[in-house]
Amino acid sequence: VDSHLSPDLRHMAGGIGLGRSVLLHHCERIGLPHNFRASALFHFSRTARVACCQQQAGSGQALASSRASSTISAPDSVRRGGTMDIDDVVPDAGHAAAADASAALSDAAVGMDVPGLHERGWAVWARIGSPKYVMAPMTEGSDLAFRMLCRQHGATLCYTPMMFAQHFATSARYRNDNYATTAHDRPLAVQFCASDPETFVAAAKMVQADCDMVDLNLDWNQTKAEKGPYGAALQKCWDQAVGIVAGSAGQLEVPVSCKMRLFPTVEESVARAKELEAAGCGLLTVHGRTRAAKGELTGVADWDAIAAIKKVLSIPVLANGSVADAGEADACLKRTAADGVMLGNAFLNNPYMLLRENPSCVAVAQAYLALCREHPVSSLIIRDHLAKLWWRPLLRFPQLRQDLIDAYTLRSFGVVAEDLEALLGAEDSREGGRFPPISQCQPALLRVPAEPTDRAEVRWVRFNGDVDQAKRADDFRQMIREASPLENFDLEWQELMSRKKAKKFVAVSKSHLRSLKRKRQDSGAGASGTVDAPADKQEPKAGRAPKTARSAPRDRKAERQRMVEAQKQGSGALQVALDMGMGDHMSAKELNKLANQVRRLYGVNMTSETPAHVHLTGLAADGRVSSVCRRYCDGFDQYVLTRTPQKHNDYFSPESVVYMTPDSPNALTDLDPTKVYVIGGLVDEHIIKNLTLDAAAEARITTARLPITEHAWHQGPHKSQVLACNQVFEILMTYWTTKSWPLALKPVLPVRKGYFVGESNPEENS
């Protein structure tokens, strides 16, 4: 307050602070809900700010400045029981603490210079070059590697994906997993969703040195946003959203911007936008759709409503919605008179869009993968980007979809890109007609129904003004009909664009079907308690022990006893060690995968008739790997196995160790009970070559690999012998029992990746 108000107003500021405390106490006494308390405090602070400005201007109007006789009343919307004299209020310690906490942020709003904040917004906007085209914040879309790709081809101001302010401010792991930037990643806006100003300010202060503005998301329109409330759900308590802006704008070194959706009417949208401006918002992005516009009712953005908002505001305004390429972006700017246009899906379909080019979608993908080596990205995000870049080729070549789904390393994604390039080379030589070549990046326009009943229906037709978007939507429908060899192309398109949800649904469905089948078998077991399997189901899979009837319960006590016996010296059990000392080479996601592999490995060993003696070497009791294993493996501390913080080359004699690595030139021929077979506990999504081999060579330890090439042949472009830890262990256990490498390899090597176990390659014989 002292930094913003003149000396003759400090007494008034003290009265305002006391009035705020009285108001908060009154709200608590009558049991007013929390969101209404925030609304009452905001309206009180706004009224006080106006009074201070009037007093500063010499108008003579001010709030009562006498502390002894002041009377404070709540706003009409929250007042119950009339006014309340200050002398009647004796707040207890809890009320005083709550009032102090609330006043800490409200004081800044009372005394802040709103016109000065607007000038700061324009100054930052001019400093970053007044960009006309801005990359939108996209969850799993505007990652650092993709931002750098778009910056190399014309993009200037870019937004990070939306992040939760609460998690960002309290969790270092969340920050490491979701936020990354570099000195060349500027100008940059960082977007958060929040439901209170304290959390928003705490998160924003952590990034204000790395960005040009901090954005409050008021646009997120999913069901999960209701829990905060966050995003567009704050429309139901708009004063809370305005309070976040008012409570943070004066406390940060960078402007606070907002991204909002339209309200049901244009008039209400204009009024709400003006409230954000009055609270201190330095830049406003308007998404031209309402909360009801989602799913099949998404429709087109209302550019005229954005124009109405821009007309009354004195801060920079960005338009967002229904922009598929640079041509439509220019039309949007012309129609709305906005200072810039924010683009999302347009960049995802063609990062080179601002250069007015339609390059090869494979070349763009390869450029993005090259940047992913410099700025590591999750395989899920890479897969989503490639699916959007290749949406037309994937409709034409459905066989590549499974390859894209199975890929999870940069090298495997590169192999899929090479396969697609070979297919497109032959396809473009035959293609003709009125549509661009299938190999070019093209915008994916709004889908329309096969038979639209009304061409003027807002839910389907785009603006028919400067750009004939209705015709383009029809062209798009015809394009995907011609591109896809499948009759039900709409179903295939949905399956491609929501692959993650589809895979989860399939997994749940299969689990449910197995459960129903088991219940039917149990109910039909009869007195004997067993079920006769059909004749065609009685043969066990190669390399696996025959399955017992489902109704027969597992003897877990006997299984544990066999595990205990295997741990004893001289038991003759197979000796297997899992090297857990490579945690420094793995990310948090890769450590989670390693913990799941340990859980599966232990399950294979427990159900085996001849369990192995398993050692976990290099495992510190209070280390990072141990904590992850405890989180993902139920009862990890009770696992029947040997743990040691020592490395394998210190714990065992070097002569008895055989280190299993796919990079070794030595193929394993047999298993020696006097040896200890060490499996590298490493999950490496980027495949660092020879890492385990070099470590073994440095320790002068014998290395070996599974005899995959000796007993299996491969068909297809992608050939990798890298297996998960539990898969290597399962192969060793099966060979220990059957003494047959083909029987051990066949159940584990995936046929979908082109591996076939046999004596020789049939193609070579033919």
Side-chain angles (χ1 to χ4, degrees), residues 140 143-145 163-164 167-168 170-180 372-383 406-413 500 504 576-605 614-639 641-648 651 659-663 678-696 720 722-730:
E140 298 182 351
D143 54 280
L144 175 58
M163 296 174 286
F164 287 87
H167 301 329
F168 193 91
T170 58
S171 172
R173 178 181 176 183
Y174 182 85
R175 292 194 293 270
N176 293 334
D177 291 345
N178 295 275
Y179 177 66
C372 289
R373 298 185 184 277
E374 184 178 353
H375 310 291
V377 182
S378 164
S379 60
L380 175 64
I381 295 177
I382 296 176
R383 189 177 299 112
D406 292 339
Y408 64 95
T409 66
L410 287 176
R411 188 169 70 175
S412 58
F413 284 122
K500 183 178 179 182
K504 181 177 180 181
V576 178
L578 190 60
D579 183 9
M580 305 290 283
M582 296 189 175
D584 295 338
H585 297 282
M586 290 181 282
S587 64
K589 180 181 177 182
E590 292 168 340
L591 278 177
N592 298 343
K593 290 186 176 182
L594 174 62
N596 285 321
Q597 292 176 14
V598 172
R599 176 172 52 81
R600 295 189 183 100
L601 182 150
Y602 186 75
V604 171
N605 198 37
V614 178
H615 307 262
L616 299 183
T617 61
L619 184 67
D622 56 348
R624 182 185 176 201
V625 180
S626 293
S627 62
V628 174
C629 288
R630 291 190 185 97
R631 187 164 66 249
Y632 284 89
C633 306
D634 294 336
F636 176 72
D637 290 330
Q638 284 73 44
Y639 278 9
L641 42 75
T642 303
R643 300 174 180 83
T644 176
Q646 294 180 282
K647 292 186 174 296
H648 55 85
Y651 188 70
Y659 204 105
M660 302 297 300
T661 170
D663 303 316
V678 180
I679 303 173
L682 175 67
V683 177
D684 177 24
E685 293 191 349
H686 301 292
I687 306 185
I688 304 175
K689 293 292 291 181
N690 300 326
L691 179 62
T692 52
L693 181 64
D694 293 343
S720 174
V722 179
L723 300 176
C725 302
N726 57 295
Q727 293 176 321
V728 176
F729 180 78
E730 185 175 352

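Just so you know, residue 1 is the first one in the sequence shown, and it goes up from there. Computation of the quantities below employed the complete heavy-atom set of this structure, encompassing side-chain atoms and omitting hydrogens, waters and symmetry-equivalent molecules.
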- All side chain to side chain donor-acceptor pair (under 3.5 Å) counterparts of Asn592, not counting sequence neighbours: Tyr632
- Query: Under the side chain to side chain donor-acceptor pair (under 3.5 Å) test, which residues partner Arg175, sequence neighbours left out?
  - Reply: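 Listed in chain order: nothing, the list is empty.
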- Item | Audit row: Ile382, Leu410, side-chain contact (heavy atoms from CB on, under 4.5 Å) steps and yes/no | CA-CA 9 Å; Ile382 296 176; Leu410 287 176; 3.7 Å; yes
Report yes if the side chains of [X] and [Y] come closer than 4.5 Å at any heavy-atom pair, otherwise no.
X      : Y      : result
Phe636 : Arg631 : no
Ile381 : Glu140 : yes
Tyr639 : Val614 : no
Asn176 : Arg173 : no

So, taking the atom named [atom1] in [X] and the one named [atom2] in [Y], what distance separates them when rounded to the nearest 0.5 Å?
X      : Y      : atom1 : atom2 : value
Met660 : Leu578 : CE    : CG    : 12.5 Å
Leu619 : Asp579 : CG    : CG    : 10.5 Å
Thr617 : Arg643 : OG1   : CZ    : 13.0 Å

- Qualifying residues under ring-ring contact (aromatic ring centres under 6.0 Å, His included), relative to Phe413, sequence neighbours excluded: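 Phe413 satisfies ring-ring contact (aromatic ring centres under 6.0 Å, His included) with no residue once adjacent residues are dropped.
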Looking only at heavy atoms, which two atoms of [X] and [Y] are closest? And how far apart?
X      : Y      : value
Ala145 : Val377 : CB-CG2, 3.8 Å
Ala621 : Ser626 : O-CB, 3.6 Å
Val728 : Ile679 : CG1-CD1, 3.9 Å
Met163 : Tyr174 : CA-OH, 3.5 Å
Ser378 : Lys589 : OG-NZ, 3.1 Å

- Query: Within the side chain of Gln597, is there an N or O that forms a donor-acceptor pair under 3.5 Å with the backbone of Cys725?
  - Reply: yes
- Test log, rule side-chain contact (heavy atoms from CB on, under 4.5 Å), inputs Met580 and Cys629: CA-CA 11 Å; Met580 305 290 283; Cys629 288; 4.0 Å; yes
- Query: Can you list the steps and then say if Val628 with Leu594 is a side-chain contact (heavy atoms from CB on, under 4.5 Å)?
  - Reply: CA-CA 9 Å; Val628 174; Leu594 174 62; over 6 Å; no
- Query: Just wondering, more than 12 heavy atoms not from Asp634 lying within 6.0 Å of its CG?
  - Reply: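 Open: at most 12 neighbouring heavy atoms sit under 6.0 Å from CG of Asp634.
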- Item | Cation-pi check, Arg600 onto Phe729 ring (under 6.0 Å, within 45° of axis) |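 No cation-pi geometry.
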- Are Leu641 and Leu616 close enough, and set up right, to give a side-chain contact (heavy atoms from CB on, under 4.5 Å), and what steps lead you there? CA-CA 8 Å; Leu641 42 75; Leu616 299 183; 3.8 Å; yes
